[in-house]
Amino acid sequence: MLNFNFQNETKIIFGKEQESKVGKEVKKYADKVLLHYGGGSIKRFGTYDGIINSLKEAGVEVVELGGVKPNPRLGLIKEGIEICRKEDIDLILAVGGGSVIDSAKSIAVGVPYAGDVWDFFLGKEKISKAVPVGVVLTIPAAGSESSSGAVVTKMDGQLKRSIGSSLIRPKFAILNPELTTTLPNYQTACGAADIMAHVMERYFTNTENVDLTDRLAESTLKTVIKNTPLAIKENENYAARAEVMWASTIAHNGLLGTGREEDWSSHLIEHELSGIYDVAHGAGLAVVFPAWMEYVYQHDLERFAQFAVRVWDLDPDFKDLEWTARQGIKKTREFFASIGLPVTLAELDIPADRLKEMADKCTAQGPVGNFVKLSSEDVVNIYKLALK
Ligand code: NZQ
Ligand code: ZN
C-alpha cells in the first residue's frame, strides 16, 4: 500500500425529503445564492419549487442560471461568472447531475480569477480560490457531488478537459434517492456505467497489498450490478435507488483510491468521444472500458481473474487464468448491454474516420494511464477494438 492523505470535507445529507433542508444548509454560507440547474427536469418534476421554498424560508436571496447542457459548456460558465460578480453571490447551488455540478465548480473558480477560466483547464493556472459550492443531486453517476474534479467542454476545438482541486469539493451534498425515480432508464444505466468505471479506474492498479480497497471496490461494484437492473425494472424502488445513489458517491469520493495508484485512461479516452460527438459520458464508458480491458488484461492476468471471480461470481479455471480473465471482461460488456447501453462505437453512431485525431488529442501531454501506459497508437487500437 502507498502512503496517502485522505480528507473529504463534503457533508452528505442522505435520504427521503432531505432537500427540504437546503435553505438551512445554504444559510450557513450565504445570504445570496446562484441557483444553477440544467435543461428543465427539476422544474418538470417539482424539485425546483421545493428548493425555492426552502431557500426563501431560510431568508436566502436567489439569482438563477438554468440551461446547463449534458457535457457542460464553457460559454454558460462564463455567463455564470459574470452574474456571480455582478450580484455578489456567496454560494453556487447546483441542482442536478455531474454536468450542473461541474458547471457550478467552474464558475466557482472563475469568479475570483481575473484571467480566462479556461486557463485552469489548460493547466496554465493553479486553483487558489473558489466560491463555495453546494449540491442537490438528482442523478447518481459522476460522483461530482463530493469529488475534487470538474469536466467541461469547449466547443471551439471540441475539447473536453478537466480541473481538480480540493478547493472545489462541494461544502455539502443533499442526496435524496426519491429524486432519481424520474430518470429515464437510459440515464440510470449511463449513471451505473460511470459509477462502475470510477471504481474500475482504481481497481486495475499495479500497487500490491491493497486488500481493503480491493474488497471495498468489489462490494461497490456488486451493489451497482445488483441494484441497477432493479431500479430500471421498478423506477420507484427506493431501496435500489438508495443503494445506487450512495454507491455513486463512494465510488468517487477518493476512498477507494487510497493507498493505490489509479489508472484513468478509459476516462481520458472517453472524453474525446463526448468532446466531439456529444455522447453521454456513461454510454461512452460502456463502449470504451471493456475495449480497454481487452487491450490490457494480459498485463496482469491474476488481477483480471480476481475481478472475474469476486465481482462476477465466475468459477475460476485454475489451469487457465487467461480464460477466467476473459470471462470477466465478457460479463462486464454483457452487463452494460443488458441495462440498455451501447457497447460498440457503431451503436453510438461514431464512425472510424477520426480515431487517430481523437487518440492524438488524448495523448497530447504524453502517454495516458498507469496500469499500462498507452501511446496514441495504443489508444487507436482500443478505439478499433470498440468499433465492432
Ligand atoms: O438537464 P436536465 O433537464 O436536468 O436533464 C438531465 C440531463 O439531460 C437529466 N436528469 C438529471 N436528473 C434527472 C434527470 N432527468 C430526470 N429526472 C432526474 N432526476 O439527466 C441528463 C444527464 O445529466 P448529467 O448531469 O449530464 O449527467 P451525469 O451526472 O452523468 O454527468 C455527466 C457529466 O459529468 C462529468 C462527465 O464528463 C459529464 O460531463 N463527470 C464529472 C466528474 C467529476 N466532476 O468528478 C467525474 C466523471 O468521471 C465525469 O467525467
Ligand atoms: Zn466518469
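The model shown is predicted, which means the values in this text are computed figures rather than measured ones. Quick note: residue numbers are just sequence positions, from 1.
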Worksheet item: With a 6.0 Å cut-off on ring centres, are F204 and Y297 close enough?
Response: no
Checklist entry - Is the closest side-chain heavy-atom distance between L159 and K361 below 4.5 Å? => result yes
Minimal heavy-atom distance between I232 and A189, with the atoms involved, is CD1-CB, 4.2 Å
Between the side chains of T213 and R260, is a donor N or O closer than 3.5 angstrom to an acceptor N or O?
yes
Check your understanding: In terms of side-chain heavy atoms, does N370 have a donor or acceptor partner in D263 at a distance below 3.5 Å?
Key -> no
* **Heavy-atom side-chain contact between V33 and E61 under 4.5 Å** => no
**Request:** Side-chain contact test, heavy atoms from C-beta onward, threshold under 4.5 Å: evaluate it for L74 versus V117 and give yes or no.
**Result:** yes
Q) Any Lys/Arg nitrogen of R202 or D214 sitting under 4.0 Å from an Asp/Glu carboxylate oxygen of the other? A) no
Steps toward salt bridge (Lys or Arg N to Asp or Glu O under 4.0 Å) verdict (K171, E9): CA-CA 7 Å; K171 299 292 174 208; E9 62 187 17; 3.5 Å; yes
State, without any angle test, whether D119 and Y113 hold a side-chain donor-acceptor pair at a distance under 3.5 Å.
-> yes
For the residue pair W292 and F304, categorise the inter-ring angle as parallel (less than 30°), tilted (30 to 60°) or perpendicular (more than 60°).
tilted
ask   = Do the side chains of K16 and Y238 get nearer than 4.5 Å, heavy atoms only?
value = yes
Practice item. Could you tell me whether K222 atom NZ has more than 12 heavy atoms of other residues or ligands within 6.0 Å of it? Key: yes
S146-H252 side chain donor-acceptor pair, cut-off 3.5 Å
no
### Query
Above 12 or not: heavy atoms from other molecules or residues under 6.0 Å from CG of D313?
yes
| field | Q327 and D317, any side-chain heavy atoms less than 4.5 Å apart | value | no
(request) May I ask you to decide whether K330 forms a salt bridge with E334, counting only side-chain N to carboxylate O separations under 4.0 Å? (result) yes
In terms of side-chain geometry, is the basic nitrogen of D116 or K124 positioned less than 4.0 Å from the acidic oxygen of its partner?
no
Please determine whether the number of non-hydrogen atoms from other residues, nucleotides or ligands lying under 6.0 Å from atom CZ of F318 exceeds 12. no
Original post:
Would a distance-only check, ignoring hydrogens and angles, find a side-chain to backbone donor-acceptor pair under 3.5 Å from E145 to V135?
Top reply: no
For this session: Give a yes or no on whether K388 atom NZ has more than 12 heavy-atom contacts from other residues, nucleotides or ligands under 6.0 Å away.
Result: yes
- Centre of Y48's six-membered ring, under 6.0 Å away, within 45 degrees of the axis: is that where NZ or CZ of K43 sits? yes
For I89 and V131, the nearest pair of non-hydrogen atoms, with its separation, is O-CG1, 4.2 Å
Tested for side chain to side chain contact (heavy atoms under 4.5 Å, CB included) against L285, the lone hit among M196, H267, M200 is H267
_Between K356 and D360, does any side-chain N to carboxylate O distance fall below 4.0 Å?_
yes
Checklist entry - Under 30°, 30 to 60°, or over 60°: which ring-plane class applies to W118 and F121, parallel, tilted or perpendicular? => result parallel
Between T223 and W246, a side-chain donor and acceptor under 3.5 Å = no
_Does K69 have more than 12 heavy atoms from other residues, nucleotides or ligands lying within 6.0 Å of its NZ?_
no
Using 4.0 Å as the upper bound for N to carboxylate O, is an ion pair formed by E25 and K11? yes
>> So does L301 get a backbone contact from the side chain of R303, meaning a donor-acceptor N/O pair under 3.5 Å?
In response: no
Does any N or O in the side chain of E347 come within less than 3.5 Å of the main-chain N or O of T344, such that one atom is a donor and the other an acceptor? yes
Correct closest heavy-atom pair for G191 and A141 would be CA-CB, 3.4 Å
| message | For a 4.5 angstrom cut-off between non-hydrogen side-chain atoms, does T363 reach L374? | response | no
Please walk me through it: do N185 and N235 pass side-chain hydrogen bond (donor to acceptor under 3.5 Å, both in side chains)?
CA-CA 8 Å; N185 284 341; N235 287 180; 3.0 Å; yes
Note: A150 and S106 closest approach over all heavy atoms is CB-OG, 4.1 Å
- Please check if any side-chain donor atom of N176 sits under 3.5 Å from a side-chain acceptor atom of E19, or the reverse. yes
Minimal heavy-atom distance between I139 and G97, with the atoms involved, is CG2-CA, 3.3 Å
Connected via hydrophobic side-chain network under 4.5 Å: V244 and L183
no
query: Taking everything shown except D353 itself, do over 12 heavy atoms lie less than 6.0 Å from its CG?
result: yes
Take a 6.0 Å sphere around NZ of K32 and say whether it holds more than 12 heavy atoms from other residues, nucleotides or ligands.
yes
Handout entry: Check: L256 and Y203 side chains under 4.5 Å, non-hydrogen atoms
Key = no
inquiry  = What I want to check is whether the side chains of Y29 and D90 have a donor and an acceptor closer together than 3.5 Å.
reply    = no
Consider only side-chain heavy atoms of I, L, V, M, F, W and Y, link residues closer than 4.5 Å, and tell whether V296 and L321 are in one cluster.
-> yes
ask   = Under a 4.0 Å N-O cut-off, is there an ion pair linking E272 with R354?
value = no
- Task: Determine, stepwise, if the pair R241 / T188 fulfils side-chain hydrogen bond (donor to acceptor under 3.5 Å, both in side chains).
- Result: CA-CA 9 Å; R241 294 282 183 189; T188 299; 3.1 Å; yes
*asked:* Are L65 and V109 linked, directly or through intermediate hydrophobic residues, by side-chain heavy-atom contacts shorter than 4.5 Å (ILVMFWY only)?
replied: yes
Within the structure provided, determine whether L35 and V95 are in side-chain contact (heavy-atom separation under 4.5 Å). yes
Discussion item. Grouping I, L, V, M, F, W and Y whenever their side-chain heavy atoms are under 4.5 Å apart, do I92 and V60 come out in a common cluster?
Written reply: no
